[in-house]
Participant: 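Have a look at the structure that comes next, please.
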Number of protein chains: 2
Amino acid sequence: MEALPDTPPKSGQPATIAGVAARAGVGLATVSRVVNGHPNVAGPTRERVLAAILELDYRPSSVARNLSLRRTFVIGVVVPFFTSDSAVERVRGIVAGLEASPYDLALFDVESPDRRRRAFDMFGRGDRADGLLAVSLVPPDAELARLEAAQIPCVLVDAPHPSLPCVVSDDVAGGEVATRYLLDLGHRRIAFVGDKPPDRFRFRSSRDRTEGYLRALARAGLERQPGYVRQGTQSRHVARSIAEELLRLPEPPTAIFAASDTQALGVLEAARDLGIRVPDELSVVGFDDIEAASYVGLTTVRQPLFESGRRGAELLLQALAGEPFAVRTETLPLELVVRRSTGPRKR
Amino acid sequence: MEALPDTPPKSGQPATIAGVAARAGVGLATVSRVVNGHPNVAGPTRERVLAAILELDYRPSSVARNLSLRRTFVIGVVVPFFTSDSAVERVRGIVAGLEASPYDLALFDVESPDRRRRAFDMFGRGDRADGLLAVSLVPPDAELARLEAAQIPCVLVDAPHPSLPCVVSDDVAGGEVATRYLLDLGHRRIAFVGDKPPDRFRFRSSRDRTEGYLRALARAGLERQPGYVRQGTQSRHVARSIAEELLRLPEPPTAIFAASDTQALGVLEAARDLGIRVPDELSVVGFDDIEAASYVGLTTVRQPLFESGRRGAELLLQALAGEPFAVRTETLPLELVVRRSTGPRKR
DNA sequence: GGGGTGTCTGGAAGCGCTTCCATGCCGCGT
DNA sequence: ACGCGGCATGGAAGCGCTTCCAGACACCCC
């Protein structure tokens with residue numbers, strides 16, 4: 001790799017391959033060969049071209065190259081960015097996984113349904129990205145069909161789909177483990193704070209975690225308490241007010257399992273506001289193990305967020321490399337991390 | 001806006017403008033006109049074209065269009081993604097600011113210097129993005145020159161530059177405010193935990209905050225204590241061990257000002273590990289006011305992170321729209337947020 | 001010495017779009 | 001009736017690159 005000059009030339013328009021060719025006194029094809037490291041270019045010729053490139057501060061137009069090659073060297077990442085801290089951590093994993101590859105990353109936040117539609121719309125053409133990574137949401141089938149038609153591979157992270165490679169964790173099991181842990185600590189009045197049921201695109205993790213929760217209760221022979229399952233949005237504040245309601249119940253829970261750490265943090269806040277001591281009077285378990293969890297000492301179900309992104313990127317890269325990839329869902333391990341927010345039932 | 005069919009046609013390759021033209025029995029130019037909403041297309045013709053588009057599930061190739069138009073409709077965002085939570089929040093602001101625009105966002109994490117070089121390298125050509133947003137770092141001058149030559153506007157968020165529009169906050173003032181607050185509480189032994197001095201690209205916020213800290217001390221007539229200014233990386237763990245050292249000093253500080261909330265959280269952890277009570281025995285002030293700060297009750301200097309991103313996007317959009325934009329730095333207000341991590345000196 | 005067999009090179013087509021320009025047509029005014 | 005402005009339309013060039021293909025040449029072996 002040659003060092004580039006530190007000051008680009010004054011020229012108005014950026015140099016094109018034709019300019020370089022002219023300057024070096026060779027044909028376009030030859031310049032292209034040199035640029036792309038093809039063999040069969042005579043030493044001296046190569047030198048001349050290289051010199052011209054340097055002098056002109058030439059850099060190939062990626063757009064033109066894309067058009068010609070029918071590849072973009074970008075990987076699209078569709079992610080509900082705002083909604084959760086965990087999504088960010090996953091994206092970090094993706095970035096890391098792409099690090100060594102020639103692919104760039106185009107990020108699409110799809111908070112609004114409109115934006116979501118638009119995102120998939122663009123990728124559908126197959127010329128915005130060579131591959132797609134969807135985080136915490138499953139693309140509508142119509143778009144999936146388009147993607148397939150356009151031959152652009154897609155892998156899902158934290159979302160299941162029968163005909164796509166997915167990297168997920170077993171949310172049902174996670175919910176069950178968390179709840180069982182609470183049961184083992186002697187708790188019987190265990191409430192749940194989660195998200196609203198998923199819409200057509202959105203994560204179903206919360207639902208699955210609810211299921212795990214219910215299953216654990218059932219296995220323990222406990223009846224489901226009607227007011228104990230609450231649903232809001234993936235936000236600390238909403239979780240907080242929900243938790244307040246819960247804690248003001250005539251028979252308040254002695255433990256709360258939240259479908260995400262973000263929500264668990266809201267629960268902790270509510271407890272603090274109400275002067276309820278954690279874990280003495282209330283045990284709280286979250287889900288995800290985001291950064292914040294460790295410094296507030298939240299017991300949680302750790303999910304390898306970063307790793308899920310990294311692995312997703314890896315799978316996509318493989319697909320892009322033409323390796324036959326199994327269309328199967330890969331389940332990452334969950335792990336209960338016990339910290340200071342849980343303890344035995346005391347009353 | 002017509003509703004698109006829910007199932008794309010089975011065809012192998014995506015439809016091109018030529019296909020649509022043939023199908024509708026018109027010329028390419030006409031299809032292009034219809035697609036781009038030009039006037040001067042007869043009603044019935046337009047209908048036929050529209051029908052063909054629907055039938056073929058045609059969507060224009062953005063690459064081809066980019067090449068022809070010499071625009072990409074993407075905005076590049078260069079950001080040290082991993083290093084700080086605050087950067088993420090800024091990116092969120094950027095996303096929000098771009099929401100209503102036709103521009104997409106391409107995110108470049110530039111953790112490694114290599115990656116950084118590469119990022120600017122690609123943008124230098126001017127065909128990867130129509131505009132550039134650099135977060136918390138200042139691009140090397142050589143690249144800036146290229147950007148200018150390629151006519152691609154660039155605005156900096158959380159980084160200063162004499163010849164570019166910037167959205168910053170007054171870090172020196174912020175550092176001073178935080179420190180003065182501590183002084184007012186009666187503290188005299190005030191330590192500082194910050195980042196290493198900036199390299200050629202990297203944020204200088206920490207340095208400026210240090211300066212504010214020193215200035216406040218000086219104004220109070222306090223001598224700078226040699227071991228009290230420590231520098232590590234923008235990471236909780238590093239800050240934590242630095243803080244431990246600090247707190248084990250023969251004359252430990254009674255207050256610590258950290259250059260970022262992330263680092264402040266590390267400091268809090270160190271205190272907890274050492275059994276030092278906050279705020280009774282140690283006051284801690286952070287900087288940024290990230291989410292986490294509020295739920296651990298960290299006193300901090302609030303910086304409008306989200307807003308800085310949003311505003312940066314706004315400025316860039318203006319530039320892109322051809323509005324003459326003043327090359328001046330815009331300083332966003334800072335605000336001291338007092339929470340539970342600070343209190344009067346007690347010993 | 002002639003016909004391979006290679007290496008090196010340039011021309012030109014093509015990627016899918018936009019847009020300038022020329023053409024054909026209509027209706028209007030005189 | 002005829003000419004002209006303007007609307008509607010298609011052809012073709014061009015955006016900057018890759019790559020197929022063919023030509024030029026050198027070299028080698030029989």
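Chain letters run A, B, ... following the sequence lines, proteins first and then strands; every chain starts at 1.
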Participant: Do you know which two heavy atoms are closest between A:L133 and A:L316, and how far apart they sit?
Facilitator: CD1-CD2, 4.0 Å

Participant: Does anything in residues 61-76 of chain B reach DNA chain D, meaning a heavy atom under 4.0 Å, and if so which residues?
Facilitator: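 By residue number: B:L67, B:S68, B:R70.
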
Participant: Does B:A24 offer a backbone N or O that forms a donor-acceptor pair with the side chain of B:R48 under 3.5 Å?
Facilitator: yes

Participant: In this structure, are over 12 heavy atoms from other groups packed under 6.0 Å from A:Q151 atom CD?
Facilitator: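 Open.
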
Participant: Rounded to whole angstroms, how far apart are CZ on A:R59 and P on D:dG16?
Facilitator: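 In whole Å, D:dG16 P lies 16 Å from A:R59 CZ.
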
Participant: Tell me the interatomic distance from B:L28, atom CG, to D:dA8, atom C1', rounded to whole angstroms.
Facilitator: 16 Å

Participant: Distance check needed: D:dG14 P versus A:I17 CD1, whole Å only.
Facilitator: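 A:I17 atom CD1 is separated from D:dG14 atom P by 18 Å.
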
Participant: Is it the case that more than 12 heavy atoms not belonging to B:E148 sit under 6.0 Å from its CD atom?
Facilitator: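 Result for CD/B:E148: open.
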
Participant: What's the shortest heavy-atom distance between B:P80 and B:V135, and which atoms?
Facilitator: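 That closest heavy-atom pairing would be CD-O, 3.1 Å.
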
Participant: Please determine if a side-chain N or O atom of B:N40 lies less than 4.0 Å away from the OP1 or OP2 oxygen of D:dC7.
Facilitator: no

Participant: For A:R128 and C:dC17, give me the distance from atom CZ to atom P, rounded to whole Å.
Facilitator: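 To the nearest whole Å, that distance equals 13 Å.
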
Participant: Mind listing the closest non-hydrogen atom pair of A:T72 and A:A129 along with its distance?
Facilitator: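 Closest approach of A:T72 to A:A129: OG1-CA, 3.3 Å.
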
Participant: With a 4.0 Å cut-off on heavy atoms, is B:G25 in touch with a base, just the backbone sugar-phosphate, or nothing at all?
Facilitator: sugar-phosphate

Participant: Has A:E307 got more than 12 heavy atoms of other residues, nucleotides or ligands less than 6.0 Å from its CD?
Facilitator: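 More than 12 within 6.0 Å, yes.
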
Participant: So which of residues 29-39 of chain B are in contact with DNA chain D, with a heavy-atom cut-off of under 4.0 Å?
Facilitator: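 When residues 29-39 of chain B is checked for heavy atoms under 4.0 Å from DNA chain D, the hits, listed by number, are B:A29, B:T30, B:R33.
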
Participant: Check the distance between D:dA8's C1' and B:E47's CD and give it to me in whole angstrom.
Facilitator: 16 Å

